[in-house]
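Data first, discussion second: the structure below is written as structure tokens.
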Amino acid sequence: MGLRLLVMKFGGSCLTDGDSILRAAELVRDAFNRGDGIVAVVSAMKGVTDRLLNMVEGSLRGEDVREEIESLRADHVEATRRAVGDVEVRGEVERIVTTTISELERVLTAIGYLEEVTPRSRDYILSFGERLSTPILWGAIRSQGLKASWMTGGEAGIVTDSNFGEARPLMENTRLRVEAKLKPLLEKGIIPVVTGFIGEDLDRVVTTLGRGGSDYTATLIGEVLGADEIYLWTDVEGLMTADPRIVPEARIIEEISFEEAVEMAVFGAKRMHPRALVPAMRAGIPVVIKSLRRPEVRGTRITGEVKIGEGVVKAVTLVRGVGLLNVQGLRMIGMPGVAGRVCQLLGRKGINIFMISQSVSEANISLMISKDRLYQAESLIENALLGTGLISDVYVEEDVCVVAVVGAGMRGTPGVAARVFKAVASRGINVRMIAQGSSELNISFVVKEEDGEEAVRAIHQEFNLSGKT
Amino acid sequence: MGFGVVGRALARLLLEEGERLAKRRGFRPIVVGVADSLGAAYDEGGLDMLEVLGAKERYGTVSKSSSGVRGMTGLELLGTVYADVVVEVTPTNLGDGEPGLTHIREALKSGMSVVTSNKGPLALAMPALMELARHRGAVLRFSGTVGGGTPVLDYGRRLSAGDYIEGVEGILNGTTNYILTRMTEGLEFQEALREAQERGYAERDPSMDLEGLDSACKLVIMANYVLGLKATLRDVEVKGIGGVTREEVAEAYHRDYAVKLVASIREDKLKVEPREVPRRSPLCVWGVLNAVTFKCRRLGEQTVVGRGAGGVETALSIIRDLAEVKRNLSGSLGGWA
């Protein structure tokens, strides 16, 4: 094993074709040749997970999806030809791809017959994306003259509960198994190439860790093995001060703390798994986000240190696809437990509350939830509480969005909120609801959907996030 | 699982005390299966334990009893009969923890609670096993692994629930303490060891005790259960009593100290080593006694002294654990805890 241990995760967004997989293999080779121990974690190739989902839907409707399967096969065979130079290794990889594809075909056929897909079989089908891409990188790495071994996340030792679609790792069992499996390989100078996104439950059934789960795989393995750094290779050059489609002068943040990055992940800056940073944070392992296309760019380094020097605000993001649920009633005043009751009702139906605010008068509670559950939530509260005399009205607002301002420097710096809201007000934008956690890491507020982008630009400029003097 | 000294002591205890337990505590454990290294016996309605004990004594295996199956493994037994609780008392194995580790893991995986006195699986994989139990809603109890019949673990756990425990020091192994005691009285190491073996305090292969591994296992269990650390055997720095001489022991004694094999946790570091302990310290116990001192931030030092493990002591701790499991089960069923 080399002096340092790196986990390198290659995201689906940057694995577009055989050439990109070849580039990934070259990066692994270069790091290995510098003397580092490497674990590679691989996502499905770009768009493949969505294609698999479409195939599931198609099969359910009784459609013939053989053409889609064939094009999936062709894409992966083509990628293999570009990425794997060594003829013998290439043959080996092609055989794996072919076998995997025919297995996929069988499962999809079965779904077509049953006209039913369980969360369990959906997870199984979704796992094929990674099971196709990973052997190709494995072959490409071996073609570079290195020793490597490929395996699924479950085989690598990631054990989860059986909550299909959003499985949670059983951390201690995972620790035990991953160590036992990967350490001996690393000691022999073999590079483990592991599928991201996939785990298995205690009965060895395939589970998935949820959207963006490959990041999670990488940080889990990093924590367990005590890695020195975790690289998340992707199609962007790092975390940005704002979405460049909204703010053209947005720039890359070079250093950011875990706490800040978690806030940004929650608010959808990069499509990162919200829990993905937790293992790295726990173990204090720096996470570096870099572009596979332009590896020379420094990217964003997420560490345990909080650097405030750069200014109080680090980034401003816009969250769409949310709605506001308002619960009103004078009778709620001085009645303990109403907010608890509301949250409990939503929680029981698995409806997540992003933001919550209540006036001190207690006559009004506003909840920010995902737009697609908004009306369900409304009728839930209506059925349970309207008519009890406790509340007088429940109504939703759909045309809203959340602006989140993130930065550890806001903590203990008076006047940041004033600057934020003054900047927004100066553009004539009305703020509907405000929430600031006591961590003071972020200020989030709700505005009309049509005002969202302008609010982001106003704040970006107010805090000079583009760094122009 | 396992029908050695502890398993049989438990069976006898249940026969002798069964009625009293049922009457006074509403607790009526029924043995539905027993496995030893040669086979198993099972009956879902409850085994005739008198007969099973007889078969074990006469033929050396429970599989010779009327409900016995020759060659059936513990794992097969687990898959065959349903039980609320699995009692795992196979011998400790510090290499890979087997067969105990698999027994415990499989039982917990299928939602059965586990009571064990087997230190191997816990020392090697305690955080993972606790997680498994939590995940499946089962109970894992092991109070007999440390301090034998004396409930040291739960004492420490109660302490740490209120106060903060800053450190632990313990004499956790009766065999080595007996040997060191006899060395203080003038015996050479080899003589003391032989005597301990003759009196049945030391095993024929005493290496686990002498090398400090037994103490290390107990320390790991304490670190997890009492202090909430996530430690395994690999995290312990271990030194046995092999290098201790009679002269050293005598010399320390003259300075009012005693050489003891001390297991300690300080600043989350786990250590087992022969060390001098002031003779006036409550920790300084003699013979086969065990002692543990919990150093609490506010309550100060709390020391528990007790007889180390023997068959009956451990069997008692298992009954204690079974009662605890029952309390948990009836609690989750809405009964009165």
Salt bridge A:Glu229-A:Arg301, side-chain N to carboxylate O under 4.0 Å:
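A salt bridge links A:Glu229 with A:Arg301.
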
- Quick one: sort the B:Tyr225 and B:Phe142 rings into parallel, tilted or perpendicular, breaks at 30° and 60°.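 B:Tyr225 vs B:Phe142 ring planes: perpendicular.
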
Could you check whether atom CZ of B:Arg320 has more than 12 heavy atoms from other residues, nucleotides or ligands sitting under 6.0 Å from it?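 Yes, the 6.0 Å shell around CZ holds more than 12 heavy atoms from other groups.
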
- Task: Identify which part of B:Arg134 has an atom lying under 4.5 Å from any heavy atom of chain A, answering side chain, backbone, both or neither.
- Result: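 Contact with chain A involves no heavy atom of B:Arg134 at all.
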
| request: Let me know which of B:Lys326, B:Arg141, B:Arg327 forms a salt bridge (Lys or Arg N to Asp or Glu O under 4.0 Å) with B:Asp321. | output: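 Filter result, single survivor: B:Arg141.
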
Open item on the list: If you count heavy-atom pairs within less than 4.5 Å of chain B, which of A:Leu202, A:Asp203, A:Val159 leads?
Closed with: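 Looking at each of A:Leu202, A:Asp203, A:Val159 in turn, A:Leu202 comes out on top.
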
- prompt: Is it the side chain or the backbone of A:Leu176 that comes within 4.5 Å of chain B heavy atoms, both, or neither?
  reply: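 When you check distances to chain B, only side chain atoms of A:Leu176 fall under 4.5 Å.
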
